[in-house]
Structures are given as C-alpha cells and as structure tokens.
Amino acid sequence: MNSASTIKILILDDDTFMLKLLTQMLAKQGYTAVSSCDNGRDALTKIDDADTRPDLILLDLNMPDMDGIEFVRYLVDRQYRGDLILVSGEDERMLKTAEKLVHAHKIPMLGYLHKPVNPDKLSEIMSHWEPHLLEKKPQSNKKIYSAGELQSAISNHELVNYYQPKVSVKTGEVIGVETLVRWHHPTDGLIFPDHFIGIAEKNHLINELTTCVLTNALTQAKIWQEKGLNLRVAINLSMDNLASLDFQDLVVNLVTQAGLSPQGIVLEVTESQVMGADARVPLEILTRLRLKRFHLSIDDFGTGHSSLAQLRDIPFDELKIDQSFVHRAWTDDTLRAIYDASLSVAKQLGMETVAEGVEDQHDWELLRQTGCDLAQGNFVSKPLQAADFSTWTEEWKNRVRSGLIADSV
Ligand code: C2E
Ligand code: CA
Ligand code: CA
C-alpha cells in the first residue's frame, strides 16, 4: 500500500511562486515526495527516468515555451501511466477544452484547478484520488518494451498491418485505407502502436519499422489492385523518418518495385517530436515526395503538433481533423468551432478533408451537413486485417444502400 509520503508528485508551472505554493499545500496534506519544474523539458527528463517518474502531475496550461497541451502530447508519446490535474488561470471553457483533449489521449485526469488555487479544492480532488498503482493495470497496458524486443519483433514479422477504411461522405464510396500497425506479441497478445512507436523513435528503429509497414502495405495494395479495387493506401510517417534523404529514396524505390504509382500512396505526417532548429531536411523530403506525386496528409490537425505553419511550408493534399474535435462536435460548441475552423482552413487551401474518430450516426450526420469529404472511424469500420476487408466492404455497401447516405438522424 502506498502512503501519501511515498507517492511521487510533479508540479509543472513556469511561475516559481506557484510551485512553492502548491508544494506547501500538498505538504500540508501529507504529500512530501513532491518535485517541481518550471519548464516542460526538465519535467520530461524526470518522466523519462524511472526513479523520478511521477504518479501524479499538476500541470499548468499556460507556459511560454512548451505549453500544457503540447506537454500532454509528449506524455502520450512516453506512455505516461500516472494521473493529471490541470491548473490554469484560463476560463472554464478553456479548461474544459483542455480536459477533453487530455481525455482523448486517454490520460486519467483527476480534475482541474483555477488560479488562484483554492486549497480546499485541491484537497477535495486529492481525497478522491486512488493512485494508479501499476500492478492494478493489465499487463499488456503497462509493459514497456525494450529496443531489443522490438527489433526482434520486426525481424520475426510480428508486426501486422491493420487497415481502416476512409469513405466518401457524399457517396459512401470506399476511397482508401489508413495502415495502422499492431504487434502480435507471442505472449502478451495484441499491442497497439502507442506502446511501441515511441520506443522505435527513441532507439533508431523507426526507419526499419516504417519500411516493414510500408513493404507489407504495398504488397497488400498490389493484391487489391489486382482484384480491381482502386484504394489509396495511407501510411503514417514519423518526423524521424524525414531526417535522412536515404529514407525518401527508399520509399520511392519500394513503390516503384511494387509496380504501384505514388498517386495511390498517402503519407500521413504528424510532428510528434520537437522539430529541430533545422527543419530544412524534412521540408525538402516532403516537397520532393510531393513532386513525385505522393499524396501528403497532415495528421491530427488541431492538436498543437500539426500547426498552421506547417500548412504554409508544406504542400499537403489532405487534412485530417483530429478525432478529439470530431466525435461529439455536433453537440459541443467548442469542439464544433475547432472542427469548423479546421474544415474551413482546408477548403480555403484546396485540401481534401478527412474527419477521424467518427463514432456514431450523429458524428456522421455532422460531416454530411458540413461537407467534409471523407470519414474515418469506428462508425464506418474499426481497423481491419486485410483478410476481413472484403466481408466488411459487402456489409458497408448494404448499409449505404439501406439509406445511410439519404437518411438523417
Ligand atoms: P492516428 O494516425 O491518429 O490513427 C488513428 C487512431 O485512432 C488509430 O489508433 C485508430 O485505431 C483509432 N481510431 C479509429 N477510429 C476511431 C474511432 O472511431 N474512435 C476512436 N476513439 N479511435 C479511433 P491506433 O491504431 O492505436 O494508432 C495510434 C497512433 O499510432 C496512430 O494515430 C498513429 O499516429 C500511430 N501509428 C500507427 N501505425 C503507425 C505506423 O506504422 N508508423 C508510425 N510512425 N505511427 C503509427
Ligand atoms: Ca494517421
Ligand atoms: Ca490522426
């Protein structure tokens, strides 16, 4: 059983007075293993070290360099397993939006605190807190894999591609698929990419991983093409993949060798890491791939990593509105505003729009009403293994025929 004095808490706030104040408030409640950082980078260093990794983070939203939302993205990349309390001087609406973002990333949030922080509110939140002791979580969720394990998984062909359909909202036609990799682990079962992409990135395995995913996706694309199915196949690239010109040559060669045309391949890019001071190499690679007629897609739009600056710099063909702004946007004014703004930016720049995370009929109706081009999400289909694709296609055609396109909720 953990006692309050052994539970590790990290406070992240650029305001040093606030750090002291919160530390004192927590100490009064018996929490003494409290550390503090005044910037995101230092906090990430603590999270990366098993000895200092916190069980709970009190996170300020407004910080000058890395803000709270960006910090949450890095927590996701690092598979942070603790809890979070947001602290901010922003209004209720802003805090609620931030809370939704955190939920979308599946990080448990205990609540939020308005500045100036009321000690009673803090103690109320803390009194409801049950620390996420790691042993309570299922094995497959908490395990952190080593680079060696991931390397052998790649060599042993344990990485398997799943494909999630992207369909036209107007006609219901299946336009393409997004390739989503999973690890079929011999003992731990199905492992999702959020548990190993970050490891691949940190250990210089990401080019090997992406090559494996791409090779398998191209083989599958060829099979679909031979069956007369004209599907655009998307794969996810890491920013790290765009660090060397060799990788670009490799992509071009693999597509040519497979006898496929770059027009049928979509490269989805998110800025999942701080772009180095020198963004010229990724920019050059993306521009060259675009000149070779690959389709470029900006992923997770609106989450802070995919910014307007990238739209200005890189000639994207497609914009994917992040699922946290799509699901329930029909009923939530804040989400709706972000959804509408993303759609409008894309239209003005002549880009095709894809809404991710379409989970139910209400979401689907919103896309229809607002003229979003493509839909992707569990309402249409969860990610499928290639073998299940033709059965799903038949089912989908039946759904379209039976009025999905014409009906309204
Ligand atoms: P993403 O590119 O944003 O992919 C969409 C994620 O949303 C997928 O999670 C998908 O399974 C999930 N999803 C689909 N429909 C719905 C829905 O209706 N509701 C909800 N709540 N979620 C939905 P998945 O497969 O776990 O992938 C997570 C992330 O891992 C991906 O996010 C992508 O960034 C990354 N990833 C996946 N495969 C690769 C890869 O081959 N290379 C790289 N670099 N990253 C990959
Ligand atoms: Ca993607
Ligand atoms: Ca996405």
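Worth saying up front: this structure is predicted, and the values here are computed from it rather than measured. Note that ligands are numbered from 1 as they come in the structure, with each ligand's atoms numbered from 1 the same way.
- Asp300 has its closest N, O or S atom to the Ca ion (ligand 3) at the position named OD1.
- In the vicinity of Gln164, heavy-atom distances shorter than 4.0 Å reach the ligand 1 atoms 14 (C), 15 (N).
- At least one N/O/S atom of Asp299, from backbone or side chain, sits under 3.0 Å from the Ca ion (ligand 2).
- The minimum heavy-atom distance linking Phe71 with Ala43 is given by the pair CE1-CB, 3.7 Å.
- None of the N, O or S atoms belonging to Thr270 lies under 3.0 Å away from the Ca ion (ligand 2).
- Between Thr270 and ligand 1, not a single N/O pair is under 3.5 Å apart.
- Classification of Lys166 and Glu352 as a salt-bridged pair fails, no side-chain N sitting under 4.0 Å from a carboxylate O.
- When non-hydrogen atoms are compared, ligand 1 lies under 4.0 Å from the backbone of Asn236 as well as from its side chain.
- Among the backbone and side-chain atoms of Asp322, no N/O/S atom is found under 3.0 Å from the Ca ion (ligand 3).
- Not a single protein heavy atom sits closer than 4.0 Å to atom 32 (O) of ligand 1.
- Looking at Asn241 next to ligand 1, no N or O pair under 3.5 Å apart turns up.
- Neither the backbone nor the side chain of Asp322 comes within contact range of ligand 1; no heavy atom lies under 4.0 Å.
- By the 6.0 Å and 45° rule, Arg399 stacks over the aromatic ring of Phe379.
- Nearest N/O/S atom of Glu268 with respect to the Ca ion (ligand 2) is recorded as OE1.
- Distances between N or O atoms of Thr210 and those of ligand 1 include no value under 3.5 Å.
- With respect to Asp60 and Lys115, a salt bridge is recorded, a charged nitrogen being found less than 4.0 Å from a carboxylate O.
- Considering backbone and side-chain atoms alike, Glu268 places every N or O at 3.5 Å or more from each N or O of ligand 1.
- Checked against the 6.0 Å centroid threshold, Phe389 and Trp396 do not count as a close aromatic pair.
- Residue contacts with ligand 1, taken as heavy atom pairs separated by less than 4.0 Å, involve Glu178 solely via side-chain atoms from C-beta onward.
- In summary, the side chains of Gln348 and Ser344 do present a donor paired with an acceptor at a separation below 3.5 Å, with no hydrogens or angles considered.
- Atom numbering of ligand 1 starts at 1 in the shown order; those under 4.0 Å from a heavy atom of Asp300 are 3 (O).
- Against a heavy-atom cut-off of under 4.0 Å, Val181 is close to the following atoms of ligand 1: 38 (N), 39 (C), 40 (C), 41 (O).
- Judged by distance alone, the side chains of Ser168 and Glu173 never bring a donor and an acceptor atom under 3.5 Å apart.
- Counting only N and O atoms by type, the side chains of Thr210 and Asn241 include a donor and acceptor under 3.5 Å apart.
- Counted by atom type alone, Ser88 and Asn62 present one or more donor-acceptor pairs between their side chains at under 3.5 Å.
- Contacts between Gln323 and ligand 1, counted as non-hydrogen atom pairs separated by less than 4.0 Å, involve the side chain only.
- When distances to the Ca ion (ligand 2) are checked against a cut-off of 3.0 Å, Glu178 contributes an N, O or S atom below that limit.
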ring-ring contact (aromatic ring centres under 6.0 Å, His included) between Tyr145 and Trp183, intermediate numbers included:
CA-CA 11 Å; Tyr145 294 95; Trp183 180 355; 4.7 Å; yes

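- Contact annotation: for Glu356 versus ligand 1, heavy atoms closer than 4.0 Å belong to the side chain alone.
- Defined by atom type and a distance below 3.5 Å, a donor-acceptor pair is missing between the side-chain atoms of Gln248 and Glu284.
- For the residue pair Asp240 / Ser238, no side-chain donor-acceptor distance below 3.5 Å is found, with atom types taken as modelled.
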